[in-house]
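Atom set for the values below is all heavy atoms of this structure, side chains included, hydrogens, waters and symmetry mates excluded.
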Amino acid sequence: MNIKLDLKNALPFVGGEIGEELKEQSLRALNTLVTGTGAGNDFIGWLKLADGHNKEEVEAIKAAAKKIQGDSKALVVIGIGGSYLGARAGLDFIFGQNYNNIPKETPDIYFVGNGLSADATYDVIDMLGDRDFSVNVISKSGTTTEPAVAFRIFRGLLEKKYGATEAAKRIYATTDQARGVLKGLSDVKGYTTFVVPDDVGGRFSVFTPVGLLPLAVAGVDPDVLLSSFGDAIDACTKPDFEANIALQYAAIRNALYRGGKSVEVFAAFEPSLRFTGEWWKQLYGESEGKENKGLFPASVDLTADLHSMGQFLQEGTRIMFETFVKVEKSNREILIEEDAENADKLNFMAGKSLTWANHMAMAATTTAHMDGGVPNLTISLPQRNAETFAALCGFFEAACGISGYMLGVNPFNQPGVEAYKQFMYALLGKPGFDALRKELSDRGIG
């Protein structure tokens, strides 16, 4: 799998080693996960996404991606939460955060439907301009407010530009196999459809059509992603604590949590990992934050945030630990040249690479924070590419299932997410919410 986990800056905070009891608990949790005997076991289909059962759909994804590449200069991906974060994370991780701004043969990719901002929506419309584009709308039901509103807007733009018949050929719906508003609309209009598997929750869905289609449009081979993801799942479900870094990660997280840490900070020194951190926050926050339990997942972008959040991380409330993600090898390298005048006093770094300087900054940070009383661990990746992204996701997903069972919660449901939706439906005037709307009005809300 080529992913390494270094716990040396965390172990001193848990007595110098992970105890046998925690090891046994992690192994029991792993067994619960792989045997499907725990709560939420109807949502563990992600464990088998790479077993080859979905070859026909993968080929259909490749064909759709090729068509979009041929007839569109841009793809608008509509979705919220797990319906877009995985693809967005993968796009940035593999190509960098400026994918849309660099010369390339593949279409630009824009993500909408993850909020209700008029300005942000118009920004995408302005960037599309007069270019040919297609839409990939991702929603299990088709009724989630944010993506449903965005789909109405961008479907209207397509129909105005191409007419209803031709617009339908540019709409790709990733939705339920047999039911739901979006599935029904797709059948009537003739949209190309892909299936969100019933046994895979949104935050675990990046290697279903949810993430595979947008990434394939960008030129990423779905077979490569699935192969690497499958290898990672295999490695992370072996019942060998000393060899399985998913077990180790789950165990150290729970050890630090039981020792009083309540916040885990995802920290990366590569801007292209920012949305990997956003995806990770949803994965762990939605999986573990329930029953008044769980670590609060946060993230920082380094070194930039060392000049803002660095003070708090070094000397603030001692409620947190950090998970650093290190990329060992840059895809391209820059050497710091010697300057004859040395006006900036940087000649002491002459001949060194920028990656080396970045790694030294990380080493300084992890050491300073540990010495300051902040436990931290480091996940090392060989380099940024499709294989590594898929392996990292496989590692984090397996560890999440294990950790959630160790915590004593169902890692695969999200009952709390529905609470705000009920109030939003009432305030937006959705039929059937009259009583709740009146209650909110009586409270002076809306």
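Counting only heavy atoms from C-beta outward, the side chains of Y191 and V137 never approach each other to under 4.5 Å. Contact of the C400 side chain with the Y284 side chain is registered, since non-hydrogen atoms from C-beta on lie closer than 4.5 Å. At a threshold of 4.5 Å between non-hydrogen side-chain atoms, the residues I78 and E146 do not count as touching. Side-chain contact between E328 and L381 is absent, with no heavy atoms from C-beta onward closer than 4.5 Å. For the pair F194/V210, no side-chain contact is recorded, criterion being any heavy-atom separation below 4.5 Å from C-beta on. Counting only heavy atoms from C-beta outward, the side chains of L225 and L215 approach each other to under 4.5 Å. No side-chain heavy atom of I68 sits under 4.5 Å from any side-chain heavy atom of R170. With contacts defined as side-chain heavy-atom distances shorter than 4.5 Å, the pair L11/I18 qualifies.
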*Could you walk me through whether T355 and N358 pass the side-chain hydrogen bond (donor to acceptor under 3.5 Å, both in side chains) test, one step at a time?*
CA-CA 5 Å; T355 300; N358 201 26; over 6 Å; no
_Full working for side-chain contact (heavy atoms from CB on, under 4.5 Å) between L128 and V76_ = CA-CA 9 Å; L128 286 173; V76 177; 3.9 Å; yes
*Any chance you could lay out the side-chain hydrogen bond (donor to acceptor under 3.5 Å, both in side chains) test for N2 and T388, step after step, and finish with the verdict?*
CA-CA 8 Å; N2 293 329; T388 302; over 6 Å; no
*Could you check I379 against I3 for side-chain contact (heavy atoms from CB on, under 4.5 Å), going step by step and ending with a plain yes or no?*
CA-CA 7 Å; I379 297 166; I3 295 176; 3.6 Å; yes
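A cation-pi arrangement is absent between R88 and Y84 under the rule of less than 6.0 angstrom and at most 45 degrees off the ring axis. Cation-pi check for K326 over F269 is not met; the charged atom does not lie both under 6.0 angstrom from the ring centroid and within 45 degrees of its normal. Under the 6.0 Å distance and 45° angle rule, K261 does not count as a cation-pi partner of F321.
Side chains of Y99 and T106: a donor-acceptor N/O pair is present below 3.5 angstrom, by distance only. Residues E264 and T323 have side chains that bring a donor and an acceptor to within less than 3.5 angstrom of each other.
Between F266 and F396, the ring-plane angle classifies as tilted under the 30° and 60° cut-offs. The aromatic rings of F133 and F154 lie perpendicular to each other, with more than 60° between the two planes, well past the 30° mark. Using cut-offs of 30° and 60° on the angle between ring planes, the pair Y405 and F412 is perpendicular.
Among R203, E397, Q282, the single residue meeting the side-chain hydrogen bond (donor to acceptor under 3.5 Å, both in side chains) criterion with S287 is R203.
Summarising the geometry, atom CG belonging to L22 is positioned 12.5 Å from atom CZ belonging to R253; distances are rounded to the nearest 0.5 Å. Between the OG1 atom of T366 and the CG atom of L377 there is a distance of 10.5 Å, given to the nearest 0.5 Å. Of the inter-residue distances, the one linking K23 atom NZ with S26 atom OG reads 9.0 Å to the nearest 0.5 angstrom. Going from atom CD1 of I171 over to atom CG of N136 covers 10.5 Å, rounded to the nearest 0.5 Å.
Between R179 and D176 there is a salt bridge, since a side-chain N of the basic residue sits under 4.0 Å from a carboxylate O of the acidic one.
The aromatic ring centres of F433 and F423 sit 6.0 Å or more apart. Ring centroid separation for the pair F275 and W279 does not come in under the 6.0 Å cut-off.
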